[in-house]
Amino acid sequence: MSVGKVLIANRGEIALRIARTCRELGLRTVAVYSTADRHARYVAACDEAVHIGPAPARRSYLYVPAVIEAALRTGADAIHPGYGFLSEDADFARVCAGQGITFVGPRPEVMEAVGDKAKVRALMAAAGLPVLPGSEGAVGSPAEAESLGEEIGYPVIVKAAAGGGGRGIEVARDRAELREAFRRTTALAQQVFGDGSVYMERFVPAARHVEVQLLGDDSGTVVHLGERDCSLQRRNQKLIEEAPSPLLPEQVREALGAYAVAGAARVGYTGAGTMEFLVDPSGAATFMEINARIQVEHPVTEMLTGVDLVAEQLRVAAGERLSFTQEQVTLTGAAIECRINAEDPAAGFRPTPGTLAVFNPPGGPGVRVDSGFAQGDRVPPDYDSLIAKLVVWAPTRAQAIARADRALAEFEVEGPGVATTIPLLRELLALPEFAKATHTTRFVEEYLSR
Amino acid sequence: MSVGKVLIANRGEIALRIARTCRELGLRTVAVYSTADRHARYVAACDEAVHIGPAPARRSYLYVPAVIEAALRTGADAIHPGYGFLSEDADFARVCAGQGITFVGPRPEVMEAVGDKAKVRALMAAAGLPVLPGSEGAVGSPAEAESLGEEIGYPVIVKAAAGGGGRGIEVARDRAELREAFRRTTALAQQVFGDGSVYMERFVPAARHVEVQLLGDDSGTVVHLGERDCSLQRRNQKLIEEAPSPLLPEQVREALGAYAVAGAARVGYTGAGTMEFLVDPSGAATFMEINARIQVEHPVTEMLTGVDLVAEQLRVAAGERLSFTQEQVTLTGAAIECRINAEDPAAGFRPTPGTLAVFNPPGGPGVRVDSGFAQGDRVPPDYDSLIAKLVVWAPTRAQAIARADRALAEFEVEGPGVATTIPLLRELLALPEFAKATHTTRFVEEYLSR
Amino acid sequence: MSEREQEHDQHAALRVLREEVAHLVKTVPGPVAAVSLRLGDCALEVTWASAATAAQVVAAPAVPAQAPAAAEEAVEDPALTAVTAPLVGTFYHAPEPGAAPYVRVGDRVRAGQTVGVVEAMKLMNQVVAEQEGEVVEVVAGNAEPVEYGQALVRIRVGSA
Amino acid sequence: MSEREQEHDQHAALRVLREEVAHLVKTVPGPVAAVSLRLGDCALEVTWASAATAAQVVAAPAVPAQAPAAAEEAVEDPALTAVTAPLVGTFYHAPEPGAAPYVRVGDRVRAGQTVGVVEAMKLMNQVVAEQEGEVVEVVAGNAEPVEYGQALVRIRVGSA
């Protein structure tokens, strides 16, 4: 099982990110693109490119036959799905296997096990991880939900088992709210994810979102590369991520790493993944979910460890062992990622696609920019509004904050109708709450409504 | 002695580099610019800017009264000279002191001592550093030169004591050649540097250029941050620099560090500087010179250590101690810098100034770009042809080479009449001689004449 | 204003015009076939290469516009339309090997009529004409891999 | 070509013209004061704001160009020249405090005549007129910090 040519079943910055590592590893690359991405930078960066469909993702990037056809005709022996799109689709991974194509990700059965957010709760509890009081698997009926509500204690959270990206989540503070939340979440889950299963957990009102980066290989080795703190979110959309998690007690940090490795080993996890935890102000951590893919914010960990996570994904997919052991992982300094979106925070974060008449990314010490765009490129209105990830590293968190602000100040993005989150990101970085790192996942929304 | 506002007496990428660190440290900045640099990026990056003269450097960046006036009127309490221009001018440092302005660099008398390449040889020999057989100080007459030639043994090298940048250096293989070399070098030194003193040394025909990065503070602490290998040069102009120096025996590496610290301590060196050595194929190292400034290739060391050298310069200039000790310096992985010049290697490296119609720097993991330009900017014909420094880091040298090539392949620079050294750099990186690191300072010229 | 000054101003004006025309030629999106500027009778003429966008601004005496021959050949027939691949896959002219092709050059097709199939992952996807017309070219070869949006068959739209 | 087609082409041509004029206005370097387009007699008129570059292309019947009043004021006098700072420093009108200024508005100066000094690092650098003419303005104030190239004194060039 060796890999020589990789089809990248994604677009934008992550497609370019993957192509970069492939080129460094001497692997050939195939881009797939929709009509909207015809002139995209990642397409030019690959050795070959196949036009797989029109702008709508369900007819291009999410359309399995088109992606598979593109792989077969170009002789790609592996498919890297990136994040989003088909990256956590176990069926797609099975189709790849059926066609003799290596899917860069965990085995389909593992994806399925960790992808069901109700099932994985039970699996992780069995592996010794702390989980919030909640349902064992899916909740079958409104009556069961109500009885569980009394048992768990309000407030409770109702989540779609197949959900993701912050959709299909509702909080209920009492029985009446629970009845409504159960009904709405079930309906939405059925409609959006094609699976109406929901599960319930106690709701933690103020907590930090801390996730541990994992890598596993076929030999059963699982290592973790420390945590990332993604507490600065708005409506479950991350704005700023950092590592290490500030103010996290050392014993909690160590415990999270050990939990992550134990949980991943339990399910035979291979490739890259993230184990997500909530950490409440007392330092109590509980397991939330596993993201079975490379994540948007993975460069934060790369900055601290020097490890190329995509290279390790490809290595594991090719049947090789990880290039390092847990003991060889060293975490140095502090890193911060700022997601620069073509959105207008002053207009309810409305997307502002358009042509980037000016696009000057920052440079200099400790600055990394991952973007799918260059000056003159057009941000299509068809996909997410991420135009660049700015990631900085510095010896200390305070220096990293200063560097992030310096780099954001340098970052020039202009275009007719184009607004970005750069001013908001600078505003958030400058807040005393961020400096003191007392913020929880609710902070941004509270701040914006001040 | 505190610093609040820094005038940057330089231009291009290094002026922007210094401004970046100043901003991160919360220091205010003043740019000075010639008419040719009116629209330069570094000017916009500073808080204030003063137009100090026309395009010719001797009437702007080298014109002391203009620079001092700009500092006085803007209330700058420090001047960072960058590299080149006034950076190693002890008289300028004295004028600064006389005006109550902190010069970011060593004390004037130290600059003077290490700036005379004949004197510093003797000083370093006294500090226990290995120096090549040669003259003690300047050579007074042709007769003295000839007698020394017999004593040292041919081939010998004749160098201008006040020289730099590869000018004022000649090799003589016998007495007749020596007579001519002495005459020409003396004349050129008088004409170009205003000081006709020359000194002599045995010539090492095939060697590596290895330099050690130093930092010293007012408390007498001197630390080194490992070495850089700059053997890939053409006519003494560096093309590619890297760290660590490949194939350098560990005991030589340690010895160079110890020599550098001992030599710098001997002269009371403060601030950033570089101690340059020649290492011959047997591993024998000899002291060459001290560069009393920040160097073009300093980011290579920053990538390996995580230390911001410009921040340390400013800290020391403000009378503070270095922020770390020798024991805290860790060197991780490998870094390579490629100098991207607006030059046409196919036309004798003729400079190709002009408008950068396309300028897309690379991004992604392990890539740092320091450039004074952005898309649409004009490279003026009046100064050096450096348009960007691409610096990459990776865990191993082989990975760093692959990454450098990937990043160079991504780097788009186009404009009417503009050619760059990017294709040549990629060619050099791909050579087996570079992979094996068997090259000496003569390699590029031999390769180009193949 | 003296006569001499007026003359000077006119010359200056015409120089500016010339420069503007040169600039216009560079910035106009379509290919400009001819630009003529007359000083004597103050005539400006601009001819675009595409007949569909040919434009003239003619001052007295009028000068007839002449579209170059090359431009005529470059004209695209607006009645020609292409049936494109609805997805990435392999294009087949016929329902099965050895069978007669769905369409041949010269055939008339109705809107909705199958003109070929694209196979992707063993599934046959029919390719249908969107408009009525005459088949003038089968662009993609039989069993040829095609990408999304690639032209497969060209049709001259119109009723018989 | 049928009459109807001709009409269609003319309309298309005029549309293109309109678009080109709009484009021209955006891309022309100087400020355009007026653009008028007549469909009936096919007239195109462009007037630039600066009288020095005013231009007309007029088809029959001719339409007189009207330069707006504001444009006249914006005209730069080509005979005006500025003596600029030869280096960064402090500009002084007079050789020493209390002394008479080197020049006053209305004075005639010869080429090479000192019009002020710029002091930098205690050194007085004389600022001299490069051409003969009349001082029309002393732009920089006395003891004002000036940068390289900054206008200090304006002179209307010419012999008396």
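Note that these values count all heavy atoms, side chains included, but never hydrogens, waters or copies made by symmetry. Residue numbering restarts at 1 for every chain, and letters A, B, ... go by the order of the sequence lines.
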Looking just at side-chain N and O atoms, do B:Glu48 and B:Thr74 make a donor-acceptor pair shorter than 3.5 Å? no
Given a strict heavy-atom distance threshold of 4.5 Å, which part of D:Glu119 is in contact with chain B: side chain, backbone, both, or neither? both
Please tell me whether D:Tyr102 and D:His93 form a close aromatic pair, meaning their ring centres lie under 6.0 Å apart. no
CG/D:Leu87 to NE2/B:His51 distance, rounded to the nearest 0.5 angstrom? 11.5 Å
With chain D as the partner, which of B:Ile52, B:Leu72, B:Val95 has the greatest number of non-hydrogen pairs under 4.5 Å? B:Ile52
Do you know which of B:Gly53, B:Pro65, B:Ala70 has the most heavy-atom pairs with chain D at a distance under 4.5 angstrom? B:Gly53
Is chain D contacted by the side chain of B:Ser34, its backbone, both, or neither, given a heavy-atom distance below 4.5 Å? neither
To the closest 0.5 Å, what do you measure between NZ (D:Lys122) and CD (B:Glu69)? 8.5 Å
Please classify the contact of B:Ala71 with chain D as side chain, backbone, both or neither, using a heavy-atom distance under 4.5 Å. neither
From CZ (B:Arg293) to NE2 (B:His298), nearest 0.5 Å: 12.0 Å
